[in-house]
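Worksheet: the structure to be examined is printed underneath.
Heavy atoms only: backbone and side chains are in, while hydrogens, waters and symmetry mates are out. Residue numbering restarts at 1 for every chain, and letters A, B, ... go by the order of the sequence lines. For clarity, every value in this text was computed on a predicted model and none was experimentally measured.
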Amino acid sequence: MSAIRVRIAPSPTGPLHIGTARTALFNALYARHTGGTFVLRLEDTDVARSSIAYEKDILDGLHWLGLRWDEGPDVAGGADVGPFGPYRQMQRLERYREATERLLAEDRAYPCYCTTDELEAERARQKAAGVPPRYSGRCANLTAAERAAFEAEGRRPAIRFRIEPGVVAFDDLVRGHVEIDASALGGDLVIVRADGTPLYHFTVVVDDAAMGITDVIRGEDHLSNTPKHILLFRALGHAEPRFAHLPLILNPDRTKMSKRKSQTAMSDYIAQGFVREALVNYLALLGWSTGTEEEVLSLDELSARFDLAAVNRAGAIFDPERLAWLNGQWIRRLAPDDLVDRLRPFFEADLVAGRIDRLPSDEEVAALLPFVQERLPVLGAIGDLVGFLFVDRVELDPALLVPKRWDVATTRQALVAARDLIAANGEVSFDHGALEMALRGLAEQRGWKAGDVFMAIRVAITGKTATPPIFESMVALGYARTLDRLERAGAALDALDGAFGRQESAR
RNA sequence: GCCCCCAUCGUCUAGAGGCCUAGGACGCCACCCUUUCAAGGUGGAGAUCACCGGUUCGAAUCCGGUUGGGGGUACCA
């Protein structure tokens, strides 16, 4: 039994797509589970749409997920690692040329002089006639003289691979036995463009063979194209690999997940503060399950349990809610130092966007973690949670400041009383326990509900009604700034006095 | 159109003939905890296993058909 070799072959024609990431993940899980080799190959033959920026986005995104490949370019524009390089298809042109020559020499392929317009017209006629679109084979048996005549016209030929009649069958590792009649393949297949650049269906076969790929694990959208690949493997004299077609990730309307209807760019998930553990966990369980009731699993745990045969066959809708839940699970599991590191870029983004006025130190962030970590659905929510600590002044909405069923006057009294009490107790008593005791005492003495007093204070110092626990928040804010914000809030209510009657009747 | 694939709670799934009056998770609802919000705990609603036939003593599980959905059908990948 030879060693497993799998690959992910992204095309740098767009940012890393969540579906590509999942295919990469399944390949990586399979390689790790079987002790095989994971190869990354860049399929950049669509020169017009490929770019180094996309290459970087893809490689960085896969690395960010924690995926490592044994062969292939490690970084965008970087050198290749591994014995089967180069791993960028545009640097492998000579090999496709050699394979093309062989097919031509054996008459398994031939030059086709049809123009795009002619082909389109042909397809249009077929569609109008209600027959399946299919290349007519018009150039399949041209004489040398006819070819010369086209060349003399200045036409540059594409190269077509002859699709011989017959039934192509294969045993898909997830779908089982699949048979497709070659007549349904659309006729002879273009493998090299008129400009000399090779096409996907051709390069993928030449490279998978050259790189010794034993198992092709990819999306179901390639299932119908697999016979073309098998025919090419055979014509080229190569053993065909095993195939495994993964169920597609779907939009909510069950169509193939697309940018138009879903968030597909990995970078967007990263920017929102999803953590790699959650994405890996979620993606692995989209279309596969361990068969147990385990749900929260690390990359190592997933690798240990992975089984291609247990992959589902039906497509799966991408559910952001479930991803968010897993994200919370993983954020809560992070070590404090790690979380501080991961939070830093989000504070920086908040600063740049003007949502906060200064950057907290790592020590400050670490001190917040005990009451913040379990409240973070995504890392990007950090600003909403504790941004009030790092702004010079909070926006006060008087309507929020006055607790339900309290009036402006009571609220102002409470804020003033709280401020005075805290000031009277002094900075030495400014800690969680002392504050709670003092403020609860105040509420009891005045006949107020403690919750109402706390809510007024909460809004006064944070500007919001939903915040981290209030005493921790006050301590984090500090003695002087807490007093200052209570004063400002009281003053804001003073200014409202004239509108007092209106406020009351409005309630 | 043609070819291929698929079909269990709203969603992700368990289930490989009797263990299923179909289990878990997300989401939803209620309650508990509680200074808000989360987190956590408990409980609940939610699936005639797409439909119709067949095989079998017995089917979500096997077979056939129907319907529905998806993918493919490029000198894109």
Taking for each residue the nucleotide of RNA chain B bearing the nearest heavy atom, is the 5' side occupied by A:T292 or by A:D253?
->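 Per heavy-atom nearest nucleotide, the more 5' residue is A:T292.
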Does A:Q329 or A:D181 map to a spot on RNA chain B nearer the 5' end, using the closest nucleotide for each?
->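 Mapping each residue to its closest nucleotide by heavy atoms, the 5'-most match is A:D181.
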Assign [X] to base, sugar-phosphate, or nothing according to its heavy-atom contacts below 4.0 angstrom with the strands shown.
{"X": "A:R49", "answer": "base"}
{"X": "A:A194", "answer": "base"}
{"X": "A:G186", "answer": "nothing"}
{"X": "A:A158", "answer": "base"}
{"X": "A:G287", "answer": "sugar-phosphate"}
{"X": "A:F318", "answer": "nothing"}
{"X": "A:T226", "answer": "nothing"}

Using whole Å, what does the distance between atom [atom2] of nucleotide [N] and atom [atom1] of [X] come to?
{"X": "A:H245", "N": "B:G72", "atom1": "NE2", "atom2": "P", "result": "12 Å"}
{"X": "A:I191", "N": "B:A74", "atom1": "CD1", "atom2": "P", "result": "16 Å"}
{"X": "A:L250", "N": "B:G71", "atom1": "CG", "atom2": "P", "result": "7 Å"}
{"X": "A:R313", "N": "B:U61", "atom1": "CZ", "atom2": "P", "result": "13 Å"}
{"X": "A:L248", "N": "B:G69", "atom1": "CG", "atom2": "P", "result": "17 Å"}
{"X": "A:E374", "N": "B:U34", "atom1": "CD", "atom2": "C1'", "result": "12 Å"}
{"X": "A:F170", "N": "B:C5", "atom1": "CZ", "atom2": "C1'", "result": "10 Å"}

Pairing of A:E55 and A:R88 as salt bridge, 4.0 angstrom limit | yes
Run the salt-bridge test on A:E277 and A:R332 with the 4.0 Å N-O cut-off and return the result as yes or no.
-> no
Exceeds 12 heavy-atom contacts within 6.0 angstrom, atom CD of A:Q91 =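 Enclosed.
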Got a sec: does the CD of A:E395 have more than 12 other heavy atoms crowding it under 6.0 Å?
->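 Open: at most 12 neighbouring heavy atoms sit under 6.0 Å from CD of A:E395.
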Nearest to the [X] side chain among [options], which nucleotide is it?
{"X": "A:R322", "options": "B:A77, B:A25, B:U35", "result": "B:A25"}
{"X": "A:K256", "options": "B:A77, B:U11, B:G71", "result": "B:G71"}
{"X": "A:S224", "options": "B:C26, B:A77, B:G72", "result": "B:G72"}

Within the modelled atom types, does a donor on one side and an acceptor on the other bring the side chain of A:T255 and the base of B:G70 under 3.5 Å apart?
->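 There is none.
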Got a donor-acceptor pair under 3.5 Å from the side chain of A:R458 to the base of B:U35?
-> yes
Are A:F454 and A:F471 close enough that their ring centres sit under 6.0 Å apart?
->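 Distance test on ring centres: under 6.0 Å, yes.
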